[in-house]
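One structure is given here, and the rest of the page talks about it.
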Amino acid sequence: MPCGRAVGSGAVENRTHQTVRAIFQLPQHRSSSPHLFPGTLRRIIMNKSYLAESTPASHSANASDAVTPANPQMNDVQALFKAFPAKVARQYYECKELPTGPFGMIASHFKGVAAFGGKLIFSHTDLDLLPPALNGKYLTGDIIRSGDQGEIDHVGDTAHPGWCHPCGIQACGSFLAMGIQKSATGTGVQSAIEIYDMRNALLGQPIVLLGTITRFTDGINGVAMTKQAGPDGKYIVAGVNGSSLTVYTSTTSSLLPFGDTRFVEVLQANDFPASGAGLALITQADGAIFLISMNADDDGAHSQIALYALDLDCATPTCTELAEKAMPVPGMSESLTILESYIATIDPPWGPILSQLLAFGNPVLNSSFRWGRGLSITSPDSIEIYATDRNVLPLSHIPQIDSQKDFSVVVWSSAPA
């Protein structure tokens with residue numbers, strides 16, 4: 001669910017179980033016309049108020065793998081975008097530890113997808129009311145290389161106590177940028193972009209918080225991260241909330257050790273057309289920086305991607321829309337159709353709550369860029385883009401169903417080089 005500048009859907013809330021209040025926000029409509037966004041310059045410092053709760057990854061005995069500082073640089077982003085995708089597939093994951101309880105199902109859902117070292121990482125809100133949730137969640141599982149079934153091997157807490165609404169994510173080498181805020185309300189509230197070291201995820205252990213970019217007066221939705229080309233290339237982080245796009249650059253070319261790192265805001269645009277979108281940043285080998293948005297309509301229909309060029313070196317940085325493309329979702333997730341066939345036999349508390357969830361309608365609950373979305377750079381000439389179902393359904397936890405298909409991910413891929 002987009003956590004940007006959006007309004008609640010009364011029709012959905014009227015269907016909510018009496019013990020649960022559905023928080024169901026809708027993105028503003030997209031614009032299909034090209035845009036040029038002038039930027040402004042303003043300095044933002046890195047807020048380290050939560051660093052005391054994390055062990056720096058450079059000193060963690062578990063984070064023994066060498067640091068990967070950045071994603072692969074791409075050869076020709078515009079040509080790749082024009083030809084994308086070459087294929088699409090749907091894959092499923094079993095989730096033995098659920099990211100929210102029964103009374104969090106209506107309000108909670110996937111937000112972002114990232115990839116690192118053979119793992120997929122999913123961000124997921126936990127807006128459970130009984131008892132009140134204390135943290136947001138992230139899930140990790142092996143990338144599925146053959147067949148269509150995988151398993152989530154770790155469900156962890158996000159690092160900000162009391163903030164249960166993580167948002168978009170993107171991996172940049174060994175690092176992860178994740179948006180987070182206290183609740184689904186994203187207008188005029190404080191939020192943050194957290195930077196993690198992900199190497200522990202390869203061992204099924206918690207990822208490590210390095211620091212946060214605090215956004216004092218605005219929420220956050222889509223978040224992206226890349227590194228500039230060259231030996232002294234700086235890190236670039238982008239965040240969007242509603243139609244407000246912000247881009248930051250780091251003051252150091254390394255994030256470990258993290259103590260000297262600051263981030264400077266270099267672009268602020270208030271008419272970004274992909275309101276409520278997921279984001280991904282890409283560095284081209286010649287140094288050009290591109291941004292891809294992933295977005296869908298209120299009801300999950302019309303998933304599409306758009307390509308933008310960022311120019312952060314000019315006196316007034318700009319973001320220029322170059323192209324957009326529809327991304328049709330292939331069919332319906334079997335996680336939903338299996339649940340439908342068994343729903344009348346499921347005992348409380350799951351039965352009534354899952355019936356209420358299905359009342360939203362399968363097209364809303366099906367995989368789309370309205371829910372978990374993300375992009376992975378798999379080589380200098382290829383990418384994968386992901387879209388999840390809305391929810392992790394407890395199919396593997398209900399004996400009469402006993403299916404491993406707790407949720408699905410649609411994966412669009414480039415042609416191999």
Side-chain angles (χ1 to χ4, degrees), residues 39 41-48 50-51 54-60 63-75 77 114-117 159 169-179 192-202 207-215 223-239 245-268 279-292 308-315 317-319 375-380:
L41 295 172
R42 201 150 42 92
R43 183 172 178 80
I44 297 294
I45 66 169
M46 203 70 169
N47 184 314
K48 294 187 277 187
Y50 304 110
L51 280 176
S54 299
T55 301
S58 56
H59 299 294
S60 170
S64 57
D65 288 347
V67 172
T68 302
N71 294 328
Q73 296 173 11
M74 304 211 70
N75 290 323
V77 174
F116 166 65
I169 57 177
Q170 187 183 6
C172 179
S174 299
F175 305 106
L176 180 77
M178 176 191 292
I193 300 174
E194 297 179 331
I195 309 297
Y196 288 86
D197 182 335
M198 293 188 293
R199 289 175 291 163
N200 282 354
L202 303 181
I207 59 178
V208 177
L209 178 67
L210 298 177
T212 66
I213 304 170
T214 299
R215 295 161 57 89
V223 168
M225 186 177 185
T226 192
K227 192 175 191 290
Q228 294 171 330
D232 194 40
K234 304 303 191 292
Y235 286 89
I236 300 173
V237 173
L245 174 71
T246 310
V247 179
Y248 310 86
T249 59
S250 68
T251 56
T252 61
S253 58
S254 175
L255 297 181
L256 293 176
F258 197 79
D260 294 332
T261 300
R262 300 289 184 272
F263 275 78
V264 176
E265 182 180 313
V266 294
L267 186 152
Q268 175 71 52
L279 301 178
L281 282 165
I282 300 174
T283 299
Q284 195 164 266
D286 63 2
I289 304 295
F290 293 89
L291 177 72
I292 288 181
Y308 309 81
L310 294 184
D311 185 350
L312 305 180
D313 295 326
C314 60
T318 59
C319 175
L375 180 149
S376 172
I377 301 169
T378 53
S379 81

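This chain uses plain numbering: 1 for the first residue, then up along the sequence. What you are looking at is a predicted structure, and each value in this text was computed from that prediction instead of being measured.
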Closest heavy-atom pair and its distance - L210, F258: O-CD2, 3.4 Å
With heavy-atom distances below 4.5 Å as the criterion, would you say the side chains of I289 and I282 are in contact? no
Would you say T68's side chain and A70's backbone share a donor-acceptor pair under 3.5 angstrom? no
Does F175 form a side-chain contact (heavy atoms from CB on, under 4.5 Å) with V67? I'd like the steps, not just the answer. CA-CA 9 Å; F175 305 106; V67 172; 3.8 Å; yes
For the residue pair S174 and R199, establish whether any side-chain heavy-atom pair is separated by less than 4.5 Å. yes
Is any side-chain heavy atom of V247 less than 4.5 Å from a side-chain heavy atom of V237? no
Nearest 0.5 Å, what's the OG-CD1 distance between S250 and I236? 8.5 Å
Shortest non-hydrogen contact from M74 to S379? CE-O, 3.6 Å
Inspect the contact between D260 and R262 and indicate whether a charged nitrogen and a carboxylate oxygen are less than 4.0 angstrom apart. no
To check you understand the geometry: which heavy-atom pair defines the closest contact between A114 and A171, and what is its length? CB-N, 3.7 Å
Which atom names give the shortest non-hydrogen contact between Q170 and A280, and what distance separates them? OE1-CA, 3.3 Å
If only atom types and distance count, is the side chain of D197 paired as donor or acceptor with the main-chain N or O of L209 below 3.5 Å? no
Is there side-chain contact between T318 and L310, with heavy atoms separated by less than 4.5 Å? no
What one should report as the nearest heavy-atom pair of Y248 and R215 is OH-NH1, 3.1 Å
When you measure from the side chain of E194 to the backbone of T212, do you find a donor-acceptor pair of N or O atoms at a distance under 3.5 Å? no
Under the side-chain contact (heavy atoms from CB on, under 4.5 Å) rule, what do L279 and L245 come out as? Steps first, then yes or no, please. CA-CA 10 Å; L279 301 178; L245 174 71; 4.0 Å; yes
Are F116 and C172 packed together at the side-chain level, in the sense that at least one heavy-atom pair is separated by less than 4.5 angstrom? no
Taking the side chain as every heavy atom from C-beta outward, state whether M225 and I195 have any atom pair closer than 4.5 Å. yes
Okay, side chain of Q284, backbone of V77: is any donor-acceptor separation there less than 3.5 Å? yes
For T246 and Q268, does a side-chain donor sit closer than 3.5 Å to a side-chain acceptor? yes
Any chance the side chains of T283 and T226 put a donor and an acceptor closer than 3.5 Å? yes
Mark yes or no for whether K234, through its side chain, and K227, through its backbone, hold a donor-acceptor pair below 3.5 Å. no
Check T261 against T251 and note the closest heavy-atom contact, atom names and distance. C-OG1, 4.0 Å
